[in-house]
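Structure record follows, encoded as structure tokens.
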Amino acid sequence: MALIVQKYGGTSVGNPERIKNVAKRVAKFHAQGHQVVVVVSAMSGETNKLIALAKEISASPDPRELDQICSTGEQVTIGLLAMALKDIGVPARSYTGGQVKVLTDSTFTKARILSIDESNMRADLDAGKVVVVAGFQGVDEHGNITTLGRGGSDTSGVALAAALKADECQIYTDVDGVYTTDPRVVPEARKLDTITFEEMLEMASLGSKVLQIRSVEFAGKYKVKLRVLSSFQDEGEGTLITVEEDKNMEQPIISGIAFNRDEAKLTMLGVPDTPGIAYQILGSIAEANVDVDMIIQNVGHDGTTDFSFTVNRGDFAKAQAILEEVKVKLGAREVTGDNKICKVSAVGVGMRSHPGVASKMFKALADEGINIQMISTSEIKISVVLDEKYLELAVRVLHRAFGLDQQ
Ligand code: ADP
Ligand code: ASP
Ligand code: MG
């Protein structure tokens, strides 16, 4: 008998029929004698609808109130799934994040989990019940409802698995595992049987939304056995996220291609080339709670330099307004911006032992006439910023160039 945490994403609980199917799958594990905790997302599209509704009232919704609103999507699904389970004879009980007591900090809309009280869940499991928990949400020390950021139900699932020391955390979604790249963009993408935590962390942070990055961090930190599977197939082992590289296999140089459309670039031209400018520019941006990703400062000439960086597209206007103010203070010449860019990245631990990956990537893009605007590298990834219109082409070309479409 094992303790299993199963997380079902929005599409997997997207309508009553699918919720009944999830109930059947859970019932099967329960009948085999396993203890099962199920974490669910809102039905697909619901969170987007709730956010859009809030924005009809207020252009920049109050974060606390936004979390009150957004958390309701998951509350509907837990009730529906618990009912579906009871209807087929499986004892079940639903919990909101607050009822479990998933304690978080008070950073509304992107709260971090601090602790999880397992006592209610444990009592129900010991009594033979299936526990159904609302993903994506928690409660802060003052009793305010918080949410964990988009895609946060993955993190709820893994965090519950860590707290309960579950034997496995299964993430059920609309694809049957982690692929070499998003199979919706490259149909030749291949499912990976295993991927290391390190690579999965990079893939998630560089835009592969199949797992929320924090869920991978949690799983790595608390040694949760994590697997991604399809909720639409009865067979298949999905993808196992592993601690160790598979020593038996010839390690591919690149394991996957990740991409992110949610990017924007800002440049301050003609900044006086003096100590402290990076601090003055980026300090003001950080104060406004805007995350900065890639940064480039050019070699100075004529006593001035150009300074570029990227931010999330949603923060573009805010960052641009801040830069206009900083420009005046610094006596810089001009602020320019582009919110039609994307980032495409090649990820693989095999890169460590294989030089020449970057030049192969640059050549493949050059052969297609794709201009690279920015580059950043780390030990196991290379990212490039491109005009958004090249995204699909670049991903397909790189996927082929690194032989990811071949077995
Ligand atoms: P859920 O609602 O179940 O959480 P998501 O939409 O958040 O599902 O994540 C699953 C989606 O992630 C897939 O439908 C797929 O389009 C996308 N995706 C992006 N990159 C990858 C990848 N490397 N492997 C598999 N899926 C990926
Ligand atoms: N419902 C939330 C979202 O759409 C959380 C999740 O699906 O993981 O972002
Ligand atoms: Mg998701």
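On a predicted model such as this, the values are computed, not experimentally measured, just so you know. For ligands, and for the atoms within them, numbers begin at 1 and follow the listed sequence.
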Contact between [X] and [Y] at the side-chain level, heavy atoms closer than 4.5 Å - yes or no?
X    : Y    : result
D87  : M83  : no
M200 : F197 : no
T239 : I195 : yes

Salt bridge present between E198 and R352 (N-O < 4.0 angstrom) = yes

Check salt bridge (Lys or Arg N to Asp or Glu O under 4.0 Å) between K129 and all other residues, then give those that pass, not counting sequence neighbours.
-> D124

Any N or O of G151 that comes nearer than 3.5 Å to an N or O of ligand 2?
-> yes

Under 3.5 Å between some N or O of ligand 2 and some N or O of K7?
-> no

What class does the angle between the rings of F29 and H34 fall in, given that below 30° is parallel, 30 to 60° is tilted and above 60° is perpendicular?
-> tilted

Contact with ligand 2 for G152, non-hydrogen, under 4.0 angstrom | yes

Under 4.0 Å to a heavy atom of S41 - the qualifying atoms of ligand 2, by number | 6 (C), 7 (O), 8 (O)

Measure from atom 1 (N) of ligand 2 to every heavy atom in R150, E46, Q212, E74 and give the option owning the shortest one.
-> E74

Quick one: do T146 and D67 satisfy side chain to side chain donor-acceptor pair (under 3.5 Å)? Show the steps, please.
-> CA-CA 6 Å; T146 55; D67 277 358; 5.5 Å; no

Ordered by chain then number, the protein residues lying under 4.0 Å from ligand 1 by heavy atom are K7, G9, G10, T173, D174, V175, G177, V178, Y179, T181, D182, P183, R184, M203, S208, K209, V210

Run through L330, I285, T267 and flag the one making a side chain to side chain contact (heavy atoms under 4.5 Å, CB included) with L323.
-> I285

